[in-house]
Visitor: 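Just passing along the structure, written as C-alpha cells.
FYI, the numbering just counts along the sequence from 1. Predicted model only: the values in this text are computed from it and were never measured.
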Amino acid sequence: MAKTYAMVVGVVLLLVGLLGFVKNNGEMMGLHFNTLHNTIHLVTGLLGVWAGFGKSVSAPRIFAQAFGVIYTLVAIIGFAHTPGGINELLMLNPLYNTIHLIIGLLGLAAGFMGGKQPAAA
C-alpha cells in the first residue's frame with residue numbers, strides 16, 4: 001500500500017509541479033501556482049518517485065509516513081488560516097487545503113496501517 005501511495009503521489013506531484021511552471025505561476029481550476037509551491041511539488045514528487053519506484057523496501061513506508069504527517073499538518077494550518085503564514089506564502093485556498101488533507105490522510109493510512117513491512121529480498 002505504501003509503495004503504491006509513493007508511486008502515485010510522486011508522479012502526480014511531479015506533474016503538478018511541472019505544470020505549475022508551464023502555467024507560468026498562474027491559476028488553473030481554482031488552484032494558484034507560484035515558484036515556491038511548484039518547487040515543493042517537484043521535490044516532493046521526486047522523493048515519491050524515488051521511494052515508490054526504487055529498490056528500497058523501507059523508503060515507500062517512510063515516504064508515506066513522513067508526507068502523511070507533513071501534508072496533514074499543512075492542511076490543518078491552511079484551514080486555520082493564520083494571517084501572514086503559510087497560506088499567503090504558498091497561496092493556499094480551501095481547495096488546496098482539502099487536497100493536502102486527502103493526500104496527508106492517505107499517506108498516514110498507507111504508511112502506518114498498510115500491513116507488515118515486507119522482508120528484504
Visitor: Donor-acceptor pair, Tyr5 side chain versus Ile103 backbone, under 3.5 Å?
Guide: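 Indeed, once roles are kept as given, a pair shorter than 3.5 Å links the two residues.
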Visitor: Measure the OG1-CG distance between Thr4 and Leu106 for me, rounded to the nearest 0.5 Å.
Guide: 12.0 Å
Visitor: Where do Leu101 and Ala75 come nearest, in terms of heavy atoms and distance?
Guide: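 Closest pair (atom of Leu101, atom of Ala75, distance): N-CB, 3.5 Å.
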Visitor: Locate the shortest heavy-atom distance separating Thr44 from Phe63; write the atom from each residue and the value.
Guide: O-CE1, 3.7 Å
Visitor: Just verifying a value: how many Å separate Leu19 CG and Leu14 CG, rounded to the nearest 0.5 Å?
Guide: 11.5 Å
Visitor: For Ala51 versus Pro60, what's the shortest heavy-atom pair and its separation?
Guide: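 So the minimum-distance heavy-atom pair works out to O-CG, 3.2 Å.
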Visitor: Report yes if the side chains of Leu18 and Phe21 come closer than 4.5 Å at any heavy-atom pair, otherwise no.
Guide: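 In short, these two side chains do not touch, never coming nearer than 4.5 Å.
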Visitor: Given side chains that start at C-beta, do those of Val9 and Tyr71 come closer than 4.5 Å, heavy atoms only?
Guide: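 Not touching, per the 4.5 Å side-chain cut-off.
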Visitor: Heavy atoms only: give me the nearest Trp50-Ala59 pair and the separation to one decimal.
Guide: CZ3-CB, 3.8 Å
Visitor: Taking all non-hydrogen atoms of both residues, which atom of Leu47 and which atom of Phe67 are closest, and how far apart?
Guide: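 Where Leu47 meets Phe67 most closely, the heavy atoms are CD1-CZ, 3.8 Å.
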Visitor: Within the 4.5 Å heavy-atom criterion, are Val11 and Phe53 side-chain neighbours or not?
Guide: yes
Visitor: Please say yes or no: joined through hydrophobic side-chain contacts below 4.5 Å, possibly via intermediate residues, are Ile40 and Val12 part of one cluster?
Guide: yes
Visitor: What about Ile76 and Leu105, same hydrophobic cluster or not, with Ile/Leu/Val/Met/Phe/Trp/Tyr joined at side-chain heavy-atom distances under 4.5 Å?
Guide: no
Visitor: Could you see if Leu73 belongs to whatever hydrophobic cluster contains Ile62? Use Ile, Leu, Val, Met, Phe, Trp, Tyr and a side-chain cutoff under 4.5 Å.
Guide: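 Different hydrophobic clusters.
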Visitor: On the 0 to 90° scale, with breaks at 30° and 60°, tag the His37-His41 ring pair as parallel, tilted or perpendicular.
Guide: tilted
Visitor: Please determine whether residues Leu95 and Val74 belong to a single hydrophobic cluster, defined as Ile, Leu, Val, Met, Phe, Trp and Tyr linked transitively by side-chain heavy-atom distances below 4.5 Å.
Guide: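 Both belong to a single hydrophobic cluster.
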Visitor: Measuring from atom CD of Gln65 to atom OG of Ser58, what distance do you get when rounded to the nearest 0.5 angstrom?
Guide: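 Between atom CD of Gln65 and atom OG of Ser58 there are 10.0 Å.
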